[in-house]
Asks: 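Pasting a structure here, questions to come.
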Amino acid sequence: MAKLKPFLLLLFFFTVCGEYTSASKDEACRDFYAKYTNYQTKLSLVFRDSENDTVVAASEALDLMKNEQVHAIIGPQTSSQAKFVIELGAKANVPIISFSATSPSLSPTNTNFFIRTTHDDSFQVKALAAIVKAYGWKNVIPIHEDSEYGNGLIPYLMDAFQEVNTRVPLCECHFTKI
């Protein structure tokens, strides 16, 4: 009899991403086992709803690491959820795979237990700098969210603006997270 290996899919179900993942999980498993008929280990996909809350996401991840002994966690959807869950995964030696956490502060090079399957947001700064250059703007003031996510992007943005000879005043303007 094949050994079951539980994997946690930690999603917020009321998002497009969560709905698509939920709808396609069984089909993905069927396709995998149809192609790899001799594969002896069977995957057990366990879904939990993060309720779009960082603490709930971490609580669900910790519960399943301890009680279900999951072998991997797929899908902290937000960067704040991923940051917390990555720390838990590293301590428990459980890989965390995120397809949507995009904060540049989350680096797979900082831990052996984090895999990001999308570009981080610093990938977009060259496009923003190209727009600034195309309009001939010589001075810009970045307005960003006052969070780890917003603050993590600013150094990349500053470098990109410097490359197109655009100045950024020393004052820091930001929105406070509500």
Side-chain angles (χ1 to χ4, degrees), residues 7-22 24 48-62 65 72-178:
F7 281 76
L8 167 64
L9 290 166
L10 188 62
L11 301 168
F12 179 49
F13 287 114
F14 302 106
T15 63
V16 172
C17 186
E19 288 175 11
Y20 284 149
T21 303
S22 178
S24 62
R48 293 294 163 94
D49 187 352
S50 70
E51 299 175 18
N52 202 26
D53 183 278
T54 301
V55 175
V56 172
S59 176
E60 292 289 354
L62 184 60
M65 280 187 238
I73 294 177
I74 303 169
Q77 284 185 265
T78 67
S79 295
S80 61
Q81 288 177 10
K83 181 179 190 246
F84 205 158
V85 174
I86 288 165
E87 289 182 35
L88 295 173
K91 288 181 181 183
N93 294 331
V94 173
I96 309 301
I97 304 164
S98 179
F99 45 84
S100 57
T102 57
S103 174
S105 66
L106 300 174
S107 174
T109 58
N110 294 341
T111 176
N112 293 331
F113 295 96
F114 177 52
I115 300 167
R116 180 192 344 249
T117 63
T118 188
H119 292 290
D120 70 50
D121 283 333
S122 68
F123 189 74
Q124 300 176 47
V125 298
K126 294 216 185 264
L128 292 171
I131 292 168
V132 167
K133 183 178 179 180
Y135 280 99
W137 298 333
K138 296 299 176 193
N139 297 292
V140 296
I141 299 174
I143 299 173
H144 63 93
E145 180 181 290
D146 188 15
S147 68
E148 184 174 330
Y149 172 77
N151 295 328
L153 190 59
I154 290 297
Y156 298 97
L157 195 56
M158 301 293 276
D159 290 344
F161 286 154
Q162 187 174 13
E163 288 177 17
V164 297
N165 298 316
T166 299
R167 295 182 333 157
V168 178
L170 291 178
C171 74
E172 184 170 328
C173 303
H174 59 265
F175 288 116
T176 301
K177 198 173 186 179
I178 296 175

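Treat the numbers as computed from the prediction; the structure is a model and nothing was measured.
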Asks: Excluding sequence neighbours, so at least two apart, what forms salt bridge (Lys or Arg N to Asp or Glu O under 4.0 Å) with Lys138?
Replies: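 Partners of Lys138 under the salt bridge (Lys or Arg N to Asp or Glu O under 4.0 Å) test: none.
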Asks: Just so I know, are the side chains of Ile96 and Pro76 near enough to count as touching, which here means a heavy-atom distance under 4.5 Å?
Replies: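 Yes, close enough: below the 4.5 Å cut-off.
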Asks: To check you understand the geometry: which heavy-atom pair defines the closest contact between Ala82 and Ala101, and what is its length?
Replies: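 Minimum heavy-atom separation between Ala82 and Ala101: CB-CB, 3.6 Å.
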Asks: Minimum heavy-atom separation for Gln81 and Gln77, please, with both atom names.
Replies: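 That closest heavy-atom pairing would be OE1-N, 3.4 Å.
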Asks: Under a 3.5 Å distance rule, please check whether Thr78 uses its side chain to pair with a backbone N or O of Asn52 as donor and acceptor.
Replies: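 Not confirmed, Thr78 side chain does not pair with Asn52 backbone.
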Asks: What distance do Ser98 atom OG and Lys83 atom NZ have between them, rounded to the nearest 0.5 Å?
Replies: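 Nearest 0.5 Å value for the OG-NZ distance: 14.5 Å.
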Asks: Hey, does Asp120 have a side-chain heavy atom less than 4.5 Å from the side chain of Ser103?
Replies: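 Ser103 does not reach Asp120 side chain to side chain.
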Asks: Does Asp159 have more than 12 heavy atoms from other residues, nucleotides or ligands lying within 6.0 Å of its CG?
Replies: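 Count over threshold, so yes.
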Asks: For residues Phe161 and Val140, determine if any side-chain heavy atom of one lies less than 4.5 Å from a side-chain heavy atom of the other.
Replies: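 The answer is yes; the side chains approach within 4.5 Å.
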Asks: Do Val168 and Asn139 have side chains that get closer than 4.5 Å, going by heavy atoms?
Replies: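 Result no, sub-4.5 Å side-chain heavy-atom pair not found.
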Asks: Does the side chain of Lys133 reach to within under 4.5 Å of the side chain of Thr166, using non-hydrogen atoms?
Replies: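 Side-chain contact under 4.5 Å: no.
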Asks: For Leu88 and Ala58, which heavy atoms make the closest approach, and how far apart are they?
Replies: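 Where Leu88 meets Ala58 most closely, the heavy atoms are CD1-O, 3.5 Å.
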Asks: Going by side chain to side chain donor-acceptor pair (under 3.5 Å), name the residues that satisfy it together with Glu87, two or more places apart in sequence or in a different chain.
Replies: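 If we apply the side chain to side chain donor-acceptor pair (under 3.5 Å) test to Glu87, skipping adjacent residues, there are no hits.
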Asks: Of all the heavy-atom pairs spanning Phe113 and Gly89, show the shortest one and how long it is.
Replies: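 Closest approach of Phe113 to Gly89: CG-O, 4.3 Å.
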Asks: Checking Asp121 against Thr102: is there a side-chain donor and acceptor pair closer than 3.5 Å?
Replies: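 Side chains of Thr102 and Asp121: pair found under 3.5 Å.
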Asks: Answer yes if the side chains of Glu60 and Ser50 hold a donor-acceptor pair under 3.5 Å, and no otherwise.
Replies: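 No.
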Asks: Looking at Glu163 and Lys126, does any basic side-chain N land under 4.0 Å from a carboxylate oxygen?
Replies: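 Answer for the salt bridge query: yes.
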Asks: Taking the side chain as every heavy atom from C-beta outward, state whether Ile73 and Ile97 have any atom pair closer than 4.5 Å.
Replies: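 No, every pair of side-chain atoms sits at 4.5 Å or beyond.
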Asks: Indicate yes or no: at least one non-hydrogen side-chain atom of Leu106 is less than 4.5 angstrom from one of Phe114.
Replies: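 A side-chain contact under 4.5 Å exists here.
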Asks: Donor-acceptor pair, distance only, cut-off 3.5 Å: does the side chain of Arg116 make one with the backbone of Phe99?
Replies: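 No; zero donor-acceptor contacts below 3.5 Å.
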Asks: For the CZ atom of Phe84 and the OG atom of Ser59, what is their distance to the nearest 0.5 Å?
Replies: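 That separation rounds to 9.0 Å.
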Asks: Any chance you could measure Ile86, atom CD1, to Lys91, atom NZ, to the nearest 0.5 Å?
Replies: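 Between atom CD1 of Ile86 and atom NZ of Lys91 there are 13.5 Å.
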